[in-house]
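The structure appears right after this line, and notes come after that.
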Amino acid sequence: MTDADPVDDVVATIARSATEIRQGLVGRRGKADAENPSGETQAEADVWADELLADRLSSIDGVAQYASEERSDIVDCEDDRITVAVDPLDGSSNLKSNNTMGTVFGIYDEPLPAPGSALVASGWILYGPITTMAYARDGTVTKYELTGGERTVVEEDVTLPEDPLVYGFGGRVPDWPDDFREYVREIESNPDHKLRYGGAMIGDVNQVLTYGGIFAYPALEDSPRGKLRLQFEGNPIAYLIEAAGGRSSDGRQSILDVDPTDVHDRVPLHVGNADLIDRLEDALE
Ligand code: FDP
């Protein structure tokens, strides 16, 4: 064991690996002959990015566990301080059409499954025209640009803009419960709001962080827990958006207050400006 802060080491490793992951997508746009623990067909790039991050993160001093949306079993490591949970390639369905994707990470100080209150840091990489990272720790959010292993701060103390501009909602409209559909109509009818939906959660949530607004992947009629995973997506996103002054909700309470029962639990996810999330919770009551 060393005295170095394992959280810093993990974040530095993810940031350095991001440019490599981006380059490694070339030639890995096909499907792998496998499913992830949630029953979704994996892309070759999902499996490859997971293995790359598992190798690098599980060997860092201080890391007790590496867990990923792409593997059923947690990798137990030699130390006992922090657990790293990742979605190695969020939005990998966008590989075929060459649209935005991301990498999401949450760093917990408890073994998984853990509540959001056990997070000590979280963030995401966005593979847009530029590779960027949004990172939350100790209640503040910082944005970086990543190039060839270098990390440059582009904005400190990031907060959601006060006036919400964009909205994006996942799932098929006919599968939305009636109360959620009515809420969406209210959001859409405001002339100050614009639709922004790209099919990769990280791309869509990053628009909310940049312009203000709301993103949701709600409960669906035939899937009351929605689609997104609590440990790998819900908690890390909620932690960052709340650190940026916004709110998160599973429809009733902050996502960070949801009790997990399993590493691969799903959660209805709604994040954005506090007043829009307050209104959502009223609408879903
Ligand atoms: P993907 O399946 O492509 O990895 O978490 C997974 C996710 O993408 C999110 O990034 C995205 O918001 C959502 O699923 C889109 O799902 P559907 O197209 O199945 O609605």
Side-chain angles (χ1 to χ4, degrees), residues 18 21-22 25 28-32 34-50 53 67-72 85-106 122-128 132 134 166-177 180-181 184 195-210 213-241 248-250 255 258 262-272:
I21 291 178
R22 182 183 191 114
L25 299 177
R28 292 192 176 90
R29 294 171 75 183
K31 296 205 176 312
E35 287 187 347
N36 71 14
S38 305
E40 298 156 353
T41 305
Q42 291 173 304
E44 282 174 70
D46 283 321
V47 177
W48 172 76
D50 174 47
L53 290 173
S68 146
E69 186 174 305
E70 301 302 337
R71 57 178 69 213
S72 13
V86 303
D87 178 359
L89 261 192
D90 171 68
S92 55
S93 315
N94 276 358
L95 263 173
K96 190 169 174 182
S97 56
N98 188 26
N99 281 91
T100 300
M101 288 176 300
T103 294
V104 192
F105 60 94
S122 80
W124 63 71
I125 309 288
L126 179 69
Y127 305 104
T132 55
V166 299
Y167 62 88
F169 303 117
R172 296 180 63 249
V173 178
D175 297 336
W176 290 347
F180 182 74
R181 205 176 310 171
V184 171
L195 170 65
R196 288 288 183 273
Y197 187 74
M201 178 196 57
I202 281 307
D204 296 324
V205 171
N206 202 69
Q207 295 248 20
V208 169
L209 181 64
T210 309
I214 178 168
F215 170 79
Y217 202 110
L220 303 178
E221 289 293 357
D222 59 354
S223 177
R225 302 301 296 159
K227 176 177 182 190
L228 303 178
R229 268 53 56 134
L230 176 64
Q231 305 284 286
F232 308 107
E233 296 167 310
N235 277 339
I237 298 299
Y239 182 88
L240 193 147
I241 291 291
S248 74
S249 178
D250 69 347
I255 288 176
V258 173
D262 182 84
V263 174
H264 294 283
D265 277 355
R266 297 177 191 265
V267 69
L269 179 137
H270 317 81
V271 288

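Counting starts at 1 for both ligands and their atoms, in listed order.
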List the steps, then state whether side-chain hydrogen bond (donor to acceptor under 3.5 Å, both in side chains) holds for Y127 with T103. CA-CA 8 Å; Y127 305 104; T103 294; 2.8 Å; yes

Given side-chain hydrogen bond (donor to acceptor under 3.5 Å, both in side chains), test Q42 with E35 step by step and report yes or no. CA-CA 5 Å; Q42 291 173 304; E35 287 187 347; over 6 Å; no

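Contact shell of ligand 1 (protein heavy atoms, cutoff 4.0 Å): D90, G91, S92, S93, G171, G199, A200, M201, Y217, K227, L228, R229, E233.
We find that D50 and R71 are joined by a salt bridge, their nearest charged nitrogen and carboxylate oxygen being less than 4.0 Å apart. A salt bridge does not link E69 to K227: none of the charged side-chain nitrogens sits closer than 4.0 Å to a carboxylate oxygen.
Figure legend: cation-pi geometry between R181 and W176 absent, as NZ or CZ is not positioned both under 6.0 Å from the six-membered ring centre and within 45° of its axis.
Applying the side chain to side chain contact (heavy atoms under 4.5 Å, CB included) test to D204 and every residue at least two apart in sequence or in another chain returns Y197, F215.
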